[in-house]
Q: 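One structure, as structure tokens, below. Some questions next.
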Amino acid sequence: QSHQPQHTSSQPSLPSKQDESPNNEVLYHILAKSYQEIGNFVDALNFYEKLIYIHPDPELYIERGNILSNMKRFDEAISSYDKVFELNPNDELLSKAGLQKLAAQLQKVDWENMAQRSTNSPQSQPEL
């Protein structure tokens with residue numbers, strides 16, 4: 001008789017494990033980081049949102065802001081970085097959050113400038 005675990009289809013997959021443990025912070029963090037690393041920002045954001053709901057940690061707001069910046073959702077990213085200041089006004093994370101916020105603000109300006117230039121095509125510019 002073998003006491004080795006058998007891998008059958010009756011064993012739950014990762015998503016069903018997640019459903020069984022709705023407050024499993026470790027699993028959510030692994031999934032959030034994994035999705036973030038492969039560029040699946042929508043799912044990464046979803047898991048960071050769940051983590052923040054369970055435990056509103058300033059580091060999570062920084063990660064959330066980073067993802068939102070990657071998604072070009074700069075105003076939301078800036079709000080996420082602001083939340084770090086609100087949660088920990090005297091913490092060393094403030095410098096990290098401040099730099100990330102500044103980067104998001106600069107990216108937003110660049111993104112808006114690119115959009116503005118693309119709408120000013122040669123046909124729409126007045127002749128001199």
Q: Side chain to side chain donor-acceptor pair (under 3.5 Å), that's the test. Do Y61 and E86 meet it? Break it down for me.
A: CA-CA 11 Å; Y61 280 98; E86 187 181 311; over 6 Å; no

Q: So do the side chains of M71 and V42 get within less than 4.5 Å of each other, counting heavy atoms only?
A: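 Contact flag for M71/V42 side chains = yes.
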
Q: Give a yes or no on whether the backbone of G65 and the side-chain of Y81 come within a donor-acceptor separation of less than 3.5 Å.
A: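 Pair found, side chain donor or acceptor close to backbone of G65.
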
Q: Distance from H29 atom NE2 to H55 atom NE2, nearest 0.5 Å?
A: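 The NE2 atom of H29 sits 10.5 Å away from the NE2 atom of H55.
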
Q: Can a donor-acceptor pair be found, under 3.5 Å and without considering hydrogens, that links the side chain of S80 to the backbone of E76?
A: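 No; zero donor-acceptor contacts below 3.5 Å.
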
Q: Rounded to the nearest 0.5 Å, what separates atom OH in Y28 from atom CD1 in I54?
A: 5.5 Å

Q: Please answer: with hydrophobic residues joined when any side-chain heavy atoms are less than 4.5 Å apart, are I67 and I78 in the same cluster?
A: no

Q: Tell me the closest heavy-atom pair linking P58 and V84, and the distance in Å.
A: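 Closest approach of P58 to V84: O-CG2, 3.5 Å.
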
Q: Report yes if some heavy atom in the side chain of R73 is under 4.5 Å from a heavy atom in the side chain of F41; otherwise report no.
A: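 Heavy-atom side-chain distance check fails, nothing below 4.5 Å.
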
Q: Return the CZ to OG distance between R64 and S79, rounded to the nearest 0.5 Å.
A: 8.0 Å

Q: Please tell me if the side chains of L68 and L45 come closer than 4.5 Å, counting only heavy atoms from C-beta onward.
A: yes

Q: Is there a donor-acceptor pair under 3.5 Å between the side chain of N40 and the backbone N or O of Q36?
A: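 Answer holds: no.
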
Q: How long is the gap from CD1 on I30 to CD on E25, to the nearest 0.5 Å?
A: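 These two atoms lie 12.0 Å from each other.
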
Q: Measure from NZ or CZ of K50 to the centre of the six-membered ring of F47 and say whether it is under 6.0 Å with the direction within 45° of the ring axis.
A: yes

Q: Indicate whether any N or O donor in one side chain lies under 3.5 Å from an N or O acceptor in the other, for N46 and D43.
A: no

